[in-house]
Amino acid sequence: METGLLDELNEAQKEAVLQTEGPVMVMAGAGSGKTKVLTHRIAYLLLEKQVPLDAILAVTFTNKAAAEMKQRVQNLVGENTMWMWISTFHSFCARFLRREIHLLPPYTSNFGILDEEDSLKVVKDIVKEEQIDDFKPKTFRNLISKVKNFPQYKSSNLPLWNRYLRVSQRYQQRLAESNLLDFDDLLVKTLDILKKDPMVLNHYQNKFRYILVDEFQDTNDLQYELIQKLANAHQNVFVVGDDCQSIYSFRGANIKNIELFQKDFPKFRLVKLERNYRSTTQILDVANELIRKNPNQIPKTLYSSNTHGVLPFYYAADSSYEEVMFVIDKIRQLHLAGDSYRDFAIIYRANYISRNFEELLIRYQIPYKIYGALSFYSRKEIKDMLAYIKVMISPEDQISFRRIINEPKRKIGPMLVERLQEYAYETHQTLLEAIPTFPKKGQGSEALKNFYDMIHSVKAQLENIELKNLIDVLLEETGYKEMLMSEEDQDRLNNIYELKGVFKEIDEFYEGTPLEKLSGFMQDLALRTDMDDETEEDSVCLTTYHQAKGLEFKTVFMVAMEEGIFPSEGFNDVDMEEERRVCYVGVTRAKERLFLTSANRRLLFGTYQQMAPSRFLKELFAQKGKPKEKSWEKSAPLAVSKPSSHEEIRVGDKITHKMFGDGLVIQKDGNVIQVAFKMPVGIKKLLADHPSIVKKKDSQKD
DNA sequence: AGAAGATAGCTTTTT
DNA sequence: GCTATCTTCT
């Protein structure tokens with residue numbers, strides 16, 4: 001058992017695991033087993049060094065990565081890792097702040113976390129109130145974030161800067177009033193406390209005797225400072241990264257942190273992992289070739305023992321339509337040959353490229369999943385329901401209050417809310433508390449009173465019902481159900497019913513009174529983005545390069561490899577190096593097969609444009625020349641049914657449905673047609689002559 | 001409050 | 001060309 005832990009590791013990996021004391025930097029190439037090293041190191045510390053579970057801190061960037069790390073450690077040590085400090089930077093900070101934020105009054109430990117959308121809403125309100133119309137709310141929102149991440153930053157645009165100072169001050173004030181933090185605040189406030197309170201810093205320095213950082217190349221200045229501070233006392237800090245996969249500088253990731261680490265922790269030991277266990281030699285060859293073109297990159301060559309692969313294949317399509325058909329053709333061939341749909345990824349530089357593919361994937365009934373599509377918890381109806389709950393558990397949360405006070409419509413307009421706000425402010429009450437004594441002025445006060453009673457009625461019922469039934473109560477009492485029924489919006493209603501399952505779990509998983517359970521869930525929810533509930537469906541993955549990082553697929557299609565799209569326009573040399581790394585990330589996702597495609601003509605922003613192949617194509621194939629593989633020669637395009645010009649609806653037609661939007665007719669049986677709509681609607685059976693259906697002309701592209 | 005019309009903006013965005 | 005958001009009108 002003890003030996004087994006190290007048996008699975010190669011020499012370099014072993015070194016990284018065994019060097020437990022002192023600073024260690026691991027340069028881990030793509031697919032070189034960095035998660036394995038991280039998890040084995042944690043397991044080694046726990047099992048061999050008898051380090052207590054809560055003396056280890058491991059941080060990464062995504063929930064997914066954190067969850068995987070936790071699970072794999074659990075598998076290795078056979079102990080429950082649920083309460084270990086293995087988390088994202090942000091949830092580490094949230095957990096820290098739940099304990100310590102009382103040091104920054106008026107904040108209290110049950111603070112809420114604002115997502116990007118809500119945060120922008122707050123800024124919008126302020127911009128409106130300040131009657132600023134020469135700059136957009138988004139500009140301020142971006143600036144607020146920028147200054148939080150780079151405190152020394154000042155805009156050279158003076159009018160903007162002056163307005164910014166006012167807006168940001170009010171923004172922070174409003175958040176503090178509502179006991180809310182935005183994502184950046186989690187890091188900022190954590191550092192504030194560690195900097196101003198040496199006792200607290202000391203406590204956490206002693207507590208976390210071993211610190212591990214994943215994806216170190218992606219850390220920004222704040223994240224680096226956090227790690228540096230916590231590790232400074234004991235110096236047992238272990239960072240894993242790959243400078244070749246640094247693709248988030250536009251978001252503040254600072255690759256200089258690699259040098260900074262070497263300066264701050266001069267006794268560091270460097271370990272290089274260059275052996276790749278993911279891809280074939282043929283794929284790694286082009287990846288290595290590409291990254292060599294970056295003058296400022298630390299030289300690194302990935303190698304693999306899987307030398308019997310096939311060469312990457314470049315397909316230069318005439319049109320974007322032809323490009324899509326090539327990809328679909330290949331997927332169908334390989335699927336017939338036994339590959340699962342989940343073995344394929346279509347990767348692109350910008351999200352809008354996915355549209356080209358969606359339509360035809362539906363037409364050919366190839367299941368697909370778009371990464372980064374609107375996640376469940378960011379749907380309006382879900383956020384509304386949760387806002388009702390937040391108003392019940394934290395009455396001081398003005399942002400949630402404002403979100404649902406007139407949703408559904410209760411004749412409580414912005415003017416009335418503004419007056420209530422002023423009154424609440426004068427009397428030092430929350431918006432909700434202020435309602436009963438709010439001086440009556442016309443019919444609006446009646447509506448407010450009803451709202452107040454409704455919230456309290458639901459709150460009272462909460463004690464006596466199962467949590468999963470709360471959804472029904474909310475839907476009824478808030479009038480939300482009535483609203484959706486009258487709009488015939490069954491989809492949204494169904495989405496809300498999905499929450500029932502979630503609430504059933506909350507009931508079982510969380511402790512305390514129903515209100516406490518909900519409160520606990522809400523605190524966790526804000527940092528849980530999309531599909532932690534990773535569905536194991538068998539579908540082709542459509543994704544950007546950025547979101548593909550960390551994933552791997554048997555077959556990868558890198559599409560729209562054209563100048564202006566990838567790389568995009570207007571880059572300087574430094575940007576171009578990062579762009580090249582984005583390409584590198586794409587190539588290194590592929591395990592066995594890599595296809596690169598470009599189109600001569602592409603339908604872009606309404607018109608066909610002449611495109612030139614991406615410079616990266618030449619760079620990738622500089623050594624090998626243009627590769628040719630017989631088995632992948634272009635095959636005849638699959639038959640596509642042509643639409644008729646009659647009004648009669650036929651297979652292949654594009655239609656528009658009143659409720660489901662645009663769809664494609666994929667089957668016809670008498671008057672019954674099957675129509676494929678965009679996800680999440682999917683395939684529906686409908687009557688061809690139904691009045692909701694309008695046939696679109698010009699169904700055929702290209 | 002809701003419909004109709006005008007306008008912008010199309011890179012990436014782990015939290 | 002499409003879509004999301006803002007303005008203007010009823």
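As the structure is a prediction and not an experimental result, all values here were calculated from the model. We name chains A, B, ... by the order of the sequence lines, and we start the count at 1 in each one.
- The side chain of A:N351 sits closest to B:dT13 out of B:dT11, C:dC2, B:dT13.
- Look at A:D182 and A:R174 and you find no salt bridge, because none of the NZ, NE, NH1 or NH2 atoms lies under 4.0 Å from a carboxylate O.
- The side chain of A:N406 has B:dA1 as its nearest neighbour among B:dA1, B:dT12, B:dT15.
- Going from atom CG of A:N149 over to atom P of B:dT15 covers 16 Å, rounded to whole Å.
- Set against B:dT15, B:dT14, B:dA1, the side chain of A:F61 has B:dT14 as its closest nucleotide.
- Using a cutoff of 4.0 Å between basic side-chain nitrogens and carboxylate oxygens, A:K121 and A:D125 are not scored as salt-bridged.
- Residue A:E578 is classed as having no contact, given no heavy-atom separation below 4.0 Å to the nucleic acid.
- Nucleic acid contact for A:Y248: base, since at least one base atom lies under 4.0 Å from a heavy atom of the residue.
- Which of B:dT11, C:dC6, B:dA1 sits closest to the side chain of A:K124 comes down to C:dC6.
- Of all nucleotides listed (B:dT12, B:dT15, B:dA1), B:dT12 comes nearest to the side chain of A:T544.
- With hydrogens and angles ignored, the 3.5 Å screen pairs no side-chain donor or acceptor of A:S246 with any backbone N or O of A:D243.
- Computed from coordinates, the A:K146 NZ to B:dT13 P distance equals 18 Å when rounded to whole Å.
- Residues A:Y584 and A:C244 come closest through the heavy atom pair CE2-CB, 3.5 Å.
- Distance NZ (A:K136) to C1' (C:dT7): 15 Å, rounded to an integer number of Å.
- Look at CZ on A:R349: it is 13 Å from C1' on B:dC10, rounded to the nearest Å.
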